[in-house]
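Report on one structure; see the data block that follows.
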Amino acid sequence: MSEPATVAAQLRELSLYYELEGDKHRAFAYDRASKSVMAAQGLHRLVDENRLEELPGIGPSIARVVSELARTGSVPVLEAMRSKWPTVVVELAALPKVGVLKARKLFDAFKPANLEAISLLCEEGQIRELPGFGKTTEQKIYAAIEKRRTTGAQVLLEDAEDASAAVAAHLRGEPSVKRVEVAGAVRRAVEVVDALAFAVVGDDRAAIAARLASFPLITSVERETMPIVGHFADGMRAEVWVGAPLRFGWTHVLATGSRAHVETLRAEAAARAVDLDTLYAPDEQRVYRALDLPFVPPELRDGTDEITAAYAGDDYSDLVTLEDVTAAFHCHTTYSDGRNSVAQMAQAAAELGFQAITITDHSAAASYASGLDAVRLREQHAEIAALEDPPVRILRGTEADILVDGSIDVPPELIDELDVIIASVHQRYKADEAAMTERLITVMRAPYFKIWGHALGRYVMRRDPIAVRIDDVLDAIAESPAAIEINGDPHRLDLDPVNARKAKARGIKFVLSSDAHSTKGLGAVRYAVAMARRARLRKRDVLNTLPADELAAAVRPRGP
DNA sequence: GCCGTTTTCGGCCCGACTGTTTTCAGTCG
């Protein structure tokens with residue numbers, strides 16, 4: 001049966017077709033049904049028991065569609081829509097600043113064969129002549145197609161993981177396939193993924209290519225290439241690297257990349273007269289061993305200096321792991337914009353194996369998130385104190401806004417009552433570089449311990465980082481009572497690995513956090529761990545790997 | 001197509017923003 005994420009993607013695709021047909025409300029219904037399928041628990045069971053209509057937004061008609069998609073991977077209406085509407089319309093609608101309506105207008109006016117044709121029309125200045133379009137829009141479309149040409153489609157790591165899991169499960173359905181591993185940028189935990197990749201053990205390439213082609217979201221497959229490449233309707237690619245079992249190690253390395261990492265390995269192999277393509281290596285460890293290298297964790301294979309560092313003696317065995325993390329850091333509750341109570345968050349943290357949790361709701365200045373003033377903060381502290389036998393140690397904290405003047409939104413008399421302060425920019429993101437740098441340095445130098453929250457304020461693919469002289473701020477932090485958060489919210493992943501490496505080089509400490517706004521959100525800490533590993537952080541670089549008592553002492557604003 | 005009732009049809013999500021307009025259409029979150 002198809003994965004829920006796959007069914008959801010097909011419903012979204014149907015939604016887009018209905019919108020193209022002008023049936024706005026049906027499109028909305030399918031979009032809502034798609035979200036519902038995504039959020040559903042135990043979709044397969046609901047299908048089996050004919051209970052899909054229990055899901056919100058799913059009535060008799062969509063229930064039939066979902067059931068058929070889940071069971072067979074397709075449905076006639078989707079196939080009909082795919083042959084009626086050429087790929088280029090879908091691709092146009094997916095471009096930033098171009099929606100379904102503009103895509104439809106462009107298609108009706110020009111009947112373009114592909115994005116290339118639209119690009120050409122931009123160059124000729126023809127797009128701007130269309131009613132509703134202008135010079136600016138034309139330039140944006142041109143730039144978007146240009147970007148698409150160089151980088152392909154791009155999705156968040158989190159979404160790429162879901163898609164990869166679905167494709168991997170599908171490939172495992174081919175009888176001649178012995179093993180399927182998710183590889184590529186997903187395995188390397190790159191924030192933005194532009195191609196899915198898989199390492200497969202099998203001896204029947206044709207059968208594997210055919211299996212890939214039958215994945216519900218894939219529209220075409222290049223079968224003769226190495227790797228086999230499948231194309232999704234939205235421009236995403238799936239690369240499938242096939243290898244024999246005794247040489248799977250090298251296949252796995254090739255599929256994982258990065259390109260620069262692989263090239264470096266090839267060069268080292270050539271220097272040692274090792275033939276990687278025929279090397280006996282059932283696993284990756286043996287590939288690296290053959291080159292006198294320790295196992296290089298996937299997150300580090302970015303092609304910078306990970307090989308050089310390994311030859312210089314770093315065996316990467318002490319990189320921080322999820323198991324090292326002792327405290328659920330940076331958590332919101334119903335006091336501000338979270339969905340669960342303090343007690344529920346503490347319970348969920350305990351169930352995930354944490355020893356402690358930091359409750360850090362927004363401060364008063366974050367009024368849009370119902371930030372807490374001193375009165376409500378003390379109410380929360382009283383509630384925490386009243387909890388009988390809490391399942392984990394609870395640190396009373398705040399995520400305080402960094403105000404424009406470089407002060408932190410915590411009344412001075414409250415600092416002594418707090419166990420931890422996270423200081424974050426939530427307003428006036430667009431301050432100029434000099435002002436923002438000054439503002440942050442002032443905050444970091446404040447004479448009590450604080451943790452810089454979601455440092456550069458980016459939203460991956462949606463909002464650029466703040467403009468700031470990062471080196472100056474890091475220099476200030478290095479000599480101040482301050483640490484830096486690596487925020488595991490899949491949309492933030494902030495501070496990013498490149499800058500985190502710079503911070504680590506200055507001896508700055510980190511916390512790995514989830515920025516959870518619900519019990520479910522606590523799991524996002526694994527992304528923080530992944531970013532930390534990419535930054536080559538060790539357990540000793542991360543404060544919330546300490547036992548709860550030591551952690552509490554380390555982050556207390558005023559010290560012991 | 002779904003949903004909720006004013007019970008079998010009529011409304012469905014909305015505000016900020018941007019670019020294209022000259023009062024609005026379309027995108028995005």
Side-chain angles (χ1 to χ4, degrees), chain A residues 7-8 10-40 46 50-70 75-78 80-81 89-109 118 122 125-145 147-148 153-156 158-159 192 234 337 366-369 426-430 454 457-464 489-492 515 517:
Chain A
V7 176
Q10 288 174 304
L11 292 175
R12 236 180 356 262
E13 196 180 336
L14 277 168
S15 167
L16 186 137
Y17 291 128
Y18 284 124
E19 200 174 344
L20 277 168
E21 310 237 307
D23 196 344
K24 218 167 82 180
H25 297 306
R26 194 185 305 217
F28 184 70
Y30 271 84
D31 195 52
R32 198 169 39 167
S34 159
K35 292 192 177 91
S36 192
V37 162
M38 206 59 192
L46 292 176
N50 275 323
R51 288 165 51 212
L52 285 167
E53 289 180 54
E54 290 175 17
L55 295 175
I58 297 192
S61 176
I62 293 184
R64 277 195 299 278
V65 171
V66 169
S67 176
E68 197 170 340
L69 287 174
V75 69
V77 64
L78 179 59
M81 290 292 198
V89 191
V90 180
E91 289 177 325
L92 276 171
L95 292 178
K97 310 292 171 191
V98 184
V100 172
L101 289 149
K102 278 204 165 76
R104 176 77 205 260
K105 280 187 189 170
L106 288 168
F107 180 70
D108 286 345
I118 293 289
C122 288
Q126 290 205 51
I127 303 293
R128 73 183 69 175
E129 303 302 328
L130 268 190
F133 291 72
K135 203 175 159 190
T136 312
T137 303
E138 183 179 84
Q139 282 166 353
K140 283 191 171 166
I141 292 173
Y142 185 74
I145 294 175
K147 184 158 184 287
R148 174 71 178 273
Q154 296 193 318
V155 295
L156 281 184
E158 185 187 33
D159 298 329
V192 178
D234 64 1
D337 56 353
S367 53
Y368 61 91
H426 283 124
Q427 44 186 291
R428 302 292 290 274
Y429 278 98
K430 291 182 181 169
H454 49 70
R458 70 161 170 182
Y459 281 124
V460 180
M461 298 197 296
R462 286 218 308 268
R463 182 171 73 201
D464 287 336
D489 179 332
H491 296 276
R492 291 191 180 272
D515 202 351
H517 286 70

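In what follows, chains are A, B, ... by sequence order, proteins preceding strands, each numbered from 1.
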[atom1] atom, [N] versus [M]: distance in rounded Å?
N	M	atom1	value
B/dT7	B/dC13	C1'	25 Å
B/dC2	B/dT8	C1'	13 Å
B/dT27	B/dT20	P	13 Å
B/dC17	B/dG11	P	30 Å
B/dG15	B/dT22	C1'	22 Å
B/dG26	B/dT21	P	12 Å
B/dA16	B/dG1	P	34 Å

Which nucleotide in [options] has an atom nearest any side-chain atom of [X]:
X	options	result
A/Pro96	B/dG1, B/dC28, B/dC13	B/dC28
A/Thr136	B/dG19, B/dG26, B/dC28	B/dG19
A/Lys140	B/dG1, B/dT18, B/dG26	B/dT18
A/Leu101	B/dC2, B/dA25, B/dT27	B/dT27

- Query: Would A/Tyr17 and A/Glu13 satisfy side-chain hydrogen bond (donor to acceptor under 3.5 Å, both in side chains), going step by step from the backbone distance to the final call?
  - Reply: CA-CA 6 Å; A/Tyr17 291 128; A/Glu13 196 180 336; 2.9 Å; yes
- Item | Reported CG-to-CG distance for the pair A/Leu16 and A/Leu11, which is rounded to 0.5 angstrom | 12.5 Å
- In terms of side-chain heavy atoms, does A/Tyr459 have a donor or acceptor partner in A/Arg492 at a distance below 3.5 Å? yes
- Measure from the side-chain N and O atoms of A/Glu19 to the backbone N and O of A/Ala27, and report whether any donor-acceptor pair falls under 3.5 Å. no
- Below 4.0 Å: OP1/OP2 of B/dC17 and any side-chain N or O of A/Lys97: no
- Query: Can a side chain N or O of A/Thr137 be found less than 4.0 Å away from OP1 or OP2 on B/dT20?
  - Reply: yes
- First of A/Val100 and A/Asp23 reached from the 5' end of DNA chain B, by closest nucleotide: A/Asp23
- Query: What does A/Lys135 touch in the nucleic acid at a heavy-atom separation under 4.0 angstrom: a base, only the sugar-phosphate, or nothing?
  - Reply: sugar-phosphate
